[in-house]
*Asks:* 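Have a look at this one before I ask anything.
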Amino acid sequence: MGQQLGFALGCCHFGPDVGQRRFTGREYLRNLYRALESIDTIGNISIEYGKTDFLERVFSRPDDLRPVSMGGDFFPDFHLAYGRIEFDIHIPRRKQGALLTDERVTLDGHSENFRFLHEPSFPLPTTFVYPLGGIEPHPSRAFRLVRDVLEEQSEAFRHFDLTFDYVDPSPYVADCYVMSSEKVDERFAYHHERTRTPGFDKHTFTYSPRRYKSLEEAAKTVFSDLAQEVGVLYLLFSETQRRVTVWPEVAGSVSELVKTHMSRGWTFALRRFRMSKQLDDAMMLLTQYKAEGVMALSNFRAAYGGLYASLERPLLDEDVQSARDALFESPVTETGEMLELLERRRRARVDTVLLVTTALAGGSVGTILTLLLTE
């Protein structure tokens with residue numbers, strides 16, 4: 001690979017397809033290996049794990065499992081079993097040109113071979129992609145190429161009851177490089193420098209050749225240090241995707257409820273008497289939305305506090321803080337207050353109608369209206 005390695009990072013996932021309801025960890029890994037093996041441009045496949053009990057665990061795919069691109073869970077949680085996935089993938093230059101139609105790039109001299117490295121990290125896994133040989137001035141472009149080719153192989157994965165997915169942004173907005181320099185003090189693992197540029201920042205990790213036997217060994221140290229911070233960073237990105245995906249459903253249920261409340265005429269009057277179920281549904285969606293958010297932020301605080309309290313050389317702390325500040329903020333409090341107001345008005349209306357019905361109509365008519373109100 002020479003004395004310089006360019007790489008990009010992101011967060012990818014191989015999950016169960018909708019048809020795979022119940023499976024063991026062993027079956028999952030066997031299917032994953034076979035799926036990758038069935039793609040003729042992929043080779044040198046390696047799947048490792050640190051916890052052997054993962055093999056015998058039985059997983060049941062939840063019916064409401066969302067893709068990770070929509071803020072869903074990483075299921076099964078292979079990364080928590082110290083799972084590691086690595087393979088090489090060949091992408092001819094003509095294919096690269098077809099995939100990079102939105103960019104003016106010259107592919108002469110660019111690598112046609114790439115390595116996909118899926119590393120275990122907490123709370124979410126980290127994916128590294130880097131070219132094998134050749135020239136790649138923008139490693140993030142290499143990540144895009146590999147990501148898009150794997151997406152195109154959806155049928156191959158589906159044949160083995162699997163899907164390929166990722167959390168945006170993948171690649172992350174950074175081009176990274178590992179390189180050697182005699183100027184770096186060998187007492188330090190490496191020197192990290194960040195160059196801010198429009199669009200993608202540049203991260204350079206320079207090491208002393210007297211400290212490491214090879215570029216690959218130095219790169220492994222950099223990957224290991226980055227992975228834990230990337231795992232925390234992508235937890236925030238995943239939570240943003242969940243909020244953006246789920247909130248419209250909550251808002252839609254509230255919007256329908258308001259329409260019912262504002263309706264006029266005898267036909268809609270009967271619908272207004274049945275607001276109870278609509279309110280219950282809206283409150284349940286809002287409660288679930290809030291609960292998932294509380295859990296995600298609790299996981300973030302635990303992971304962030306545990307990591308950065310002992311980290312000697314933070315690399316992406318600024319990025320993590322920016323992602324935390326940029327979390328999509330939905331009007332949860334205001335929506336909850338609106339639902340409480342509608343519930344109070346509904347109760348007041350029900351009490352009034354029951355009182356009038358009992359006083360004026362009595363017996364049969366009162367019974368009928370009471371049934372309508374409680375449906």
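In this text the structure is predicted, and so the values were computed from the model without any measurement. As a basis for the values below, the full set of heavy atoms in this structure was taken, side chains included, without hydrogen atoms, waters or symmetry mates.
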*Asks:* Can you pull the salt bridge (Lys or Arg N to Asp or Glu O under 4.0 Å) pairs that have at least one residue in residues 26-53, sequence neighbours excluded?
*Replies:* Arg26-Glu56
*Asks:* Just by distance, no angles: are the side chains of His118 and Thr127 close enough, under 3.5 Å, to form a donor-acceptor pair?
*Replies:* yes
*Asks:* How would you list, by chain and number, every residue that makes a side chain to side chain contact (heavy atoms under 4.5 Å, CB included) with Arg187, sequence neighbours excluded?
*Replies:* Asp185
*Asks:* For Tyr172, which residues count as a side-chain hydrogen bond (donor to acceptor under 3.5 Å, both in side chains) partner, sequence neighbours excluded?
*Replies:* Asp319
*Asks:* Of all heavy-atom pairs between Ser121 and Ala227, which one has the smallest distance, and what is that distance?
*Replies:* CB-O, 3.3 Å
*Asks:* I'd like a table of donor-acceptor pairs (distance under 3.5 Å, sequence neighbours excluded) in which one partner is a side-chain atom from residues 283-305, with atom names and distances.
*Replies:*
unit_1 : atom_1 : unit_2 : atom_2 : d
Thr287 : OG1    : Met283 : O      : 2.7
Gln288 : NE2    : Glu292 : OE2    : 3.4
Tyr289 : OH     : Ser330 : OG     : 2.7
Glu292 : OE1    : Arg242 : NH1    : 3.0
Asn299 : ND2    : Met295 : O      : 3.4
Tyr304 : OH     : Asp317 : OD1    : 2.8
Tyr304 : OH     : Gln321 : NE2    : 2.7

*Asks:* Could you check whether the rings of Phe223 and Phe7 sit parallel, tilted or perpendicular, using 30° and 60° as the cut-offs?
*Replies:* perpendicular
*Asks:* With sequence neighbours excluded, what pairs up with Thr163 under the side chain to side chain contact (heavy atoms under 4.5 Å, CB included) test?
*Replies:* Asp17
*Asks:* May I have all residue pairs that pass side chain to side chain donor-acceptor pair (under 3.5 Å) and include part of residues 73-82, sequence neighbours excluded?
*Replies:* Arg57-Asp77
*Asks:* When you measure from the centre of the six-membered ring of Tyr190, is the NZ or CZ of Arg313 under 6.0 Å away and within 45° of the axis?
*Replies:* yes
*Asks:* Could you work out, with salt bridge (charged side-chain N to carboxylate O under 4.0 Å, His left out) as the rule, every residue matching Arg84, not counting sequence neighbours?
*Replies:* Glu86, Glu119
*Asks:* Got a sec, which residues hit side-chain hydrogen bond (donor to acceptor under 3.5 Å, both in side chains) with Asp63, two or more places apart in sequence or on another chain?
*Replies:* Arg21
*Asks:* Looking at Phe75, I'd like to know if the NZ or CZ of Arg61 sits under 6.0 Å from its six-membered ring centre while staying within 45 degrees of the ring's axis.
*Replies:* no
*Asks:* List the residues meeting salt bridge (charged side-chain N to carboxylate O under 4.0 Å, His left out) with Glu334, not counting sequence neighbours, and say none if there are none.
*Replies:* none
*Asks:* Which residues pass the side chain to side chain contact (heavy atoms under 4.5 Å, CB included) test with Ser255, not counting sequence neighbours?
*Replies:* Lys259
*Asks:* Going by side-chain hydrogen bond (donor to acceptor under 3.5 Å, both in side chains), name the residues that satisfy it together with Asp165, two or more places apart in sequence or in a different chain.
*Replies:* Ser69
*Asks:* I'd like to check the side chain to side chain contact (heavy atoms under 4.5 Å, CB included) partners of Asp161; sequence neighbours left out, ordered by chain and number.
*Replies:* Gln20
*Asks:* Evaluate salt bridge (charged side-chain N to carboxylate O under 4.0 Å, His left out) for Glu239 paired with Arg243, printing each intermediate quantity in order.
*Replies:* CA-CA 6 Å; Glu239 171 60 7; Arg243 295 185 182 190; 2.8 Å; yes
